[in-house]
Amino acid sequence: MIEQIIFSLISLLLFFYIFIFKLIKKNDTTYLVILITQAIGILLNFIHIIFDIFTGLTFKLILYILCLIIPLVVLISEFKGVNFSEIIYVCLSKILMIFGKRKKAKDVLTNLVSKYDKSYTGHKLLAEIYETEGGMRKAIDEYVKVLDIKGNDYKSYFKISKLLNDLDKKNEAIEMLSTLVKKKPELYEASKMLRRPIIRKRKI
């Protein structure tokens, strides 16, 4: 009985902590996923206490997973710098992309970067979508934000130079490619692009 009381108190404390400090304070509805799983577990636990049903090791394991393990994994991960909300947004956008719902995926990612401007994956995926759609200027803007977050992302650096070249901004493309080749000489694509006649002609 004491174990059930302690378990119930800890479950409720975790529930209210996530509700107040994650859902309300961060104004992020993605934490509803965690809260719903916790609420199901807490409800099952109270049914178990009141009616003395759902006994057995399997049921107890399910309760611990729903009420303790999942929320604690999320909280510990976030304490170590992993953003649970970002993971949900990214996974959702990728699922939408698989099913060909690019516009909805873009909306999800736009929502993500509006909440978390330093989301490296969010900006990068958004840049790739814009690039696929032909929105080269918007793609460049997003790739620039990617580089602001992670300056050594040389593939994004190359993407920007390629997009600049496509926009007929040859000088800027040459400058970026030259810098990239110096910093990352093993990046064959950048060296190859820099040697192309259309680039070299403008450079001369």
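Throughout, residue positions are numbered sequentially from 1 according to the sequence presented.
With 3.5 Å as the limit, one finds no donor-acceptor pair spanning the side chains of Asn83 and Ser85. Using modelled atom types and a 3.5 Å distance limit, the side chains of Tyr130 and Asp141 yield no donor-acceptor pair.
Glu86 approaches Tyr120 most closely through the heavy-atom pair OE2-N, 4.1 Å. Closest of all the heavy-atom pairs between Gln38 and Phe15 is NE2-N, 3.3 Å. Of all non-hydrogen atoms in Leu96 and Val108, the two that sit nearest each other are CD1-CG2, 3.8 Å. For the pair Phe54 and His48, the tightest heavy-atom approach, listed with the atom from each and the gap, is O-ND1, 3.7 Å. The shortest non-hydrogen separation linking Leu177 to Ser161 is CD2-OG, 3.3 Å. What you find for Ser119 and Gly122 is that their closest heavy atoms are OG-N, 3.1 Å.
Paired with Phe16 under the rule side-chain contact (heavy atoms from CB on, under 4.5 Å), one option of Leu12, Leu14, Leu13, Ile18 passes, and it is Leu12.
Between Lys124 and Glu142 no salt bridge is recorded (no basic side-chain N to carboxylate O distance below 4.0 Å). The pair Lys155-Asp153 does not count as a salt bridge, with every side-chain nitrogen at least 4.0 angstrom from each carboxylate oxygen. Look at Lys22 and Glu78 and you find a salt bridge, because one of the NZ, NE, NH1 or NH2 atoms lies within 4.0 Å of a carboxylate O, short of that distance. Asp107 has a carboxylate O that lies under 4.0 Å from a charged side-chain N of Lys103, or vice versa, which qualifies the two as a salt bridge. We find that Glu133 and Lys106 are joined by a salt bridge, their nearest charged nitrogen and carboxylate oxygen being less than 4.0 Å apart.
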Give every donor-acceptor pair under 3.5 Å between a side-chain atom in residues 63-77 and any protein atom, sequence neighbours left out.
from	atom 1	to	atom 2	distance (Å)
Tyr64	OH	Glu3	OE2	3.2
Ser77	OG	Val73	O	2.6

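Cluster annotation: Ile34 is connected to Ile62 through the hydrophobic network of ILVMFWY side chains, with a link wherever side-chain heavy atoms come within less than 4.5 Å. In the hydrophobic clustering of this structure, Ile40 groups with Ile50; members are Ile, Leu, Val, Met, Phe, Trp, Tyr whose side-chain heavy atoms approach within less than 4.5 Å, directly or through other members. Linking ILVMFWY side-chain heavy atoms closer than 4.5 Å, directly or via other members, places Leu35 and Ile87 in two distinct hydrophobic clusters. Taken together through direct or relayed side-chain contacts under 4.5 Å among Ile, Leu, Val, Met, Phe, Trp and Tyr, Tyr17 and Val82 form parts of separate hydrophobic clusters. Ile36 and Val33 are not part of a single hydrophobic cluster, where members link through side-chain heavy atoms under 4.5 Å apart.
Rounded to the nearest 0.5 Å, atoms CE (Met136) and CG (Leu167) are 4.0 Å apart. Taking CZ from Phe46 and CD from Gln4, the interatomic distance works out to 10.5 Å, rounded to the nearest 0.5 Å. One finds the CG atom of Leu44 at 9.0 Å from the CD1 atom of Ile53 (value rounded to the nearest 0.5 Å). From Lys25, atom NZ reaches atom CD1 of Ile20 across 10.5 Å, with rounding to the nearest 0.5 Å. If you take CD1 on Ile140 and NZ on Lys162, they are separated by 11.0 Å, rounding to the nearest 0.5 Å. For the atom pair OG1 of Thr121 and NZ of Lys150, the computed distance is 8.5 Å after rounding to the nearest 0.5 Å.
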**Study point:** Chi angles and distances behind the side chain to side chain contact (heavy atoms under 4.5 Å, CB included) call for Leu109, Tyr89
**Key:** CA-CA 7 Å; Leu109 292 168; Tyr89 276 112; 5.8 Å; no

Practice item. Go through Leu126 and Lys145 one step at a time and tell me if the side chain to side chain contact (heavy atoms under 4.5 Å, CB included) criterion holds. Key: CA-CA 11 Å; Leu126 202 52; Lys145 289 174 184 175; over 6 Å; no

Practice item. Just do the side chain to side chain donor-acceptor pair (under 3.5 Å) check on Tyr116 and Asp28 with the steps written out, would you? Key: CA-CA 10 Å; Tyr116 305 102; Asp28 195 336; 2.6 Å; yes

Exercise for review: Run the numbers on Phe158 and Met176 for side chain to side chain contact (heavy atoms under 4.5 Å, CB included), then give the verdict.
Suggested key: CA-CA 8 Å; Phe158 173 68; Met176 288 199 74; over 6 Å; no

Practice item. Kindly indicate, with the supporting measurements, whether the criterion side chain to side chain contact (heavy atoms under 4.5 Å, CB included) is fulfilled by Leu32 and Leu23. Key: CA-CA 7 Å; Leu32 280 171; Leu23 180 67; 4.1 Å; yes

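Other residues, nucleotides and ligands contribute at most 12 non-hydrogen atoms within 6.0 Å of the NZ atom of Lys101. Counting non-hydrogen atoms of neighbouring residues, nucleotides and ligands closer than 6.0 angstrom, the NZ atom of Lys115 exceeds 12 such neighbours.
Taking 4.5 Å as the limit, some side-chain heavy atom of Ile160 sits within range of a side-chain heavy atom of Leu147. Under the 4.5 Å side-chain criterion, counting only non-hydrogen atoms from C-beta, Ser8 is in contact with Asn45. Side-chain atoms of Ile129 and Met97, non-hydrogen and from C-beta on, do get closer than 4.5 Å to each other.
With hydrogens and angles ignored, the 3.5 Å screen pairs no side-chain donor or acceptor of Lys183 with any backbone N or O of Tyr154. With hydrogens and angles ignored, the 3.5 Å screen pairs no side-chain donor or acceptor of His123 with any backbone N or O of Ile149. Distance alone, capped at 3.5 Å, is enough to place a donor-acceptor pair between the Lys170 side chain and the Asn165 backbone.
Taking the six-membered ring for Trp and the full ring otherwise, Phe84 and Tyr31 have centroids separated by under 6.0 Å.
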